[in-house]
Amino acid sequence: MDVRHKIIRRAVQEIEDGMNVNLGIGMPTLLANEIPPEYSVLLQSENGLLGIGPYPDEEHVDPDLINAGKETVTAVQGASYFDSAESFAMIRGGHIDLAILGGMEVSEKGDLANWMIPGKMIKGMGGAMDLVNGAKRVVVIMEHVNKYGESKIKKDCTLPLTGQKVVHRLITDLAVFDFNEEGMVLTELQEGTTIKEVQEKTEAGFSVSPQLMSNQQ
Amino acid sequence: MSKGKVIDSFEKAIDDIHDGATIIVGGFGLCGIPEKAILALRDKGVKDLTIVSNNCGVDDWGLGLLLANKQIKKMISSYVGENKIFERQFLSGELEVELVPQGTLAERIRAGGAGIPAFYTATGVGTPIAEGKELKEFDGKTYLLEKAIVGDFALVKAWKGDWLGNLVYDKTARNFNPLAAMAGKVTIAEVEEIVGAGELNPDHIHTPSIYVQRVLAGELYEKRIERRTVIQA
């Protein structure tokens, strides 16, 4: 199974029936197709739509109806439209149950960096900084290591931050970590992974949850 | 009944926009942008503009046209990744850029229109955005102070408007437009269809006329699509 598929398959389990959810641009957007059809979940798009539907067919493409990634979309039954200040009132006011975002780096303290690489053209943070500070729960999904095999989970982020101590859960192709008062805790392993492999491929310091430890013995 | 705030050409509607003006422009990507007013501004050729807009168009459409024509001195935006001319002018130092988180940008514009000079938000605390900003703790959580934005002018695009300047938007083309309308000292609204006063249901109006100084209808909207995404039949 490819890396992205592994991450997505695990990440979709974060979404519960009845939630209002914001999915970030890129890999998180792909989760929309995996939500169980019997669930009543509303997806929020920060450009002003609660209730994103599937992509339209050719006949129903509407330039006035797009998502935050500027893709043409549809709206589900029961959707609503609103302006950008209202959209971020929803986000900043803690009305979004769950935000799932991509990451470049996550630190052991739950810091997230996902918006700029120094020396490269800065494109902007869009709504990411608002989302990580406003959503009730923030889940980051990313590959465990970069293309050079280096850990993307750091003691301290080397890239400029999107938010400080904002991540509640991190899901990678190798493992799932939770962040709490004591720090970063390994709670699950993806299929075919061992604690040892996770330790070798993770720069950040973390503890292993007692439950996972006993499952492994 | 007179035709209220209706102007008969885009040239006249933007006639007093001057070099060095600060203009708040509605739209998200290319969705809901005031495409006719932007074309008129390009033809007028005013320079040294400060543009407040979530994005900066693409190379050959929307605000990208003003960039290509070197009319913009400074952009205040949340995301500018769709534009090569932008990148070139930014790297050469011709163009000044202030990146603002999207929700903070929306609220700064709304606050400007609502007479609130500044507000606290948690967005950006602990990041490069916090540099030089006042921090304050409320109930054990840290917030930073963000200032309101007011424009000399605002350019907005609506679906329908009446002679008085009441506006109704279509779907996600609303985005930053109602906020921009509030925060412009002079707000110029372009619409797809203009109707008489009383023809819009007062319960359905998104932008009340008080925020709008000039209104006019554009013809044949292009409404370009940035990412045409469809399901496979």
Side-chain angles (χ1 to χ4, degrees), chain A residues 25 45-49 52 54-75 79 81-92 109 111-113 115-116 118 121-134 160-166, chain B residues 26 28-32 54-55 77-82 86-87 90-91 97 99-107 109-111 121-130 142 159 169-179 182 206-207 221-233:
Chain A
I25 293 165
S45 190
E46 55 265 33
N47 57 316
L49 166 59
I52 309 172
Y55 295 128
D57 57 28
E58 283 289 350
E59 273 173 54
H60 292 93
V61 167
D62 183 344
D64 286 345
L65 182 46
I66 63 169
N67 65 16
K70 286 127 188 168
E71 299 171 323
T72 46
V73 291
T74 57
Y81 299 113
F82 34 84
D83 69 53
S84 300
E86 176 105 50
S87 179
F88 282 91
M90 274 174 212
I91 292 168
R92 201 185 302 107
K109 295 179 277 298
D111 303 339
L112 169 68
W115 73 285
M116 71 177 276
M121 176 62 195
I122 301 167
K123 295 185 169 193
M125 69 294 284
M129 286 189 183
D130 307 277
L131 275 163
V132 295
N133 282 289
L161 296 187
T162 306
Q164 201 173 38
K165 292 188 183 174
V166 292
Chain B
F28 183 94
L30 298 179
C31 181
N54 190 55
N55 314 92
S77 301
S78 89
Y79 188 84
V80 292
E82 318 291 350
F86 188 100
E87 184 168 350
F90 175 68
L91 293 175
V97 179
L99 287 171
V100 181
Q102 196 177 138
T104 296
L105 181 63
E107 194 63 15
I109 300 170
R110 198 198 73 83
T121 176
T123 301
V125 170
T127 77
I129 296 305
T142 307
W159 173 48
Y169 306 93
D170 184 41
K171 305 185 194 77
T172 59
R174 194 184 319 180
N175 56 61
F176 280 80
N177 281 298
L179 320 172
M182 291 170 74
H206 297 132
T207 292
Y221 274 87
E222 275 197 41
K223 296 193 183 183
R224 287 200 200 169
I225 293 172
E226 257 176 281
R227 298 193 208 290
R228 187 185 187 88
T229 332
V230 295
I231 46 165
Q232 304 304 317

Name the option with the most non-hydrogen atom pairs under 4.5 Å to chain B; the candidates are A/Val61, A/Ile122, A/Val73, A/Asn67.
-> A/Val61
Look at A/Arg92, A/Gln164, A/Lys165 and state which one has the largest set of heavy-atom pairs under 4.5 Å with chain B.
-> A/Arg92
Turns out that what part of B/Phe90 lies under 4.5 Å from chain A's heavy atoms comes down to side chain
Could you tell me which portion of B/Val97 (side chain, backbone, both or neither) has an atom closer than 4.5 angstrom to a non-hydrogen atom of chain A?
-> neither
Separation of B/Leu179 CG from B/Arg110 CZ (nearest 0.5 Å) | 8.5 Å
Interface moiety of B/Asn55 toward chain A, non-hydrogen atoms closer than 4.5 Å | side chain
The single option from B/Lys171, B/Lys223, B/Arg224, B/Arg174 passing salt bridge (charged side-chain N to carboxylate O under 4.0 Å, His left out) against A/Asp64 | B/Lys223
Do A/Asp130 and B/Gln102 have side-chain heavy atoms sitting under 4.5 Å apart?
-> yes
Are the side chain of A/Thr74 and the backbone N or O of A/Pro54 linked by a donor-acceptor pair below 3.5 Å?
-> yes
Contacting region of A/Glu86 [heavy-atom separation from chain B under 4.5 Å] | neither
Would you please name every residue forming a side-chain hydrogen bond (donor to acceptor under 3.5 Å, both in side chains) with A/Glu58, sequence neighbours left out?
-> B/Arg228
Selection from A/Gly126, A/Gly163, A/Gly127 maximising heavy-atom pairs under 4.5 Å formed with chain B = A/Gly126
Selection from A/Val132, A/Asp62, A/Ile91 maximising heavy-atom pairs under 4.5 Å formed with chain B = A/Asp62
Any chance you could measure A/Ile52, atom CD1, to A/Ser45, atom OG, to the nearest 0.5 Å?
-> 4.0 Å
Side chain, backbone, both or neither: which part of A/Ala68 has a heavy atom under 4.5 Å from chain B?
-> both
Which portion of B/Pro178 sits near chain A, non-hydrogen atoms under 4.5 angstrom | side chain
Matching residue for B/Thr104 among B/Ile129, B/Thr123, B/Ile109 - test: side-chain contact (heavy atoms from CB on, under 4.5 Å) | B/Thr123
Cation-pi geometry met for A/Lys123 and B/Tyr79 (6.0 Å, 45°) = no
Counting heavy-atom pairs under 4.5 Å to chain B, which of A/Asp57, A/Thr162, A/Leu131, A/Asp83 comes out on top?
-> A/Asp83
Residue selection (most heavy-atom pairs with chain A, distance under 4.5 Å) from B/Ile225, B/Val100, B/Asn54, B/Asn175 = B/Asn175
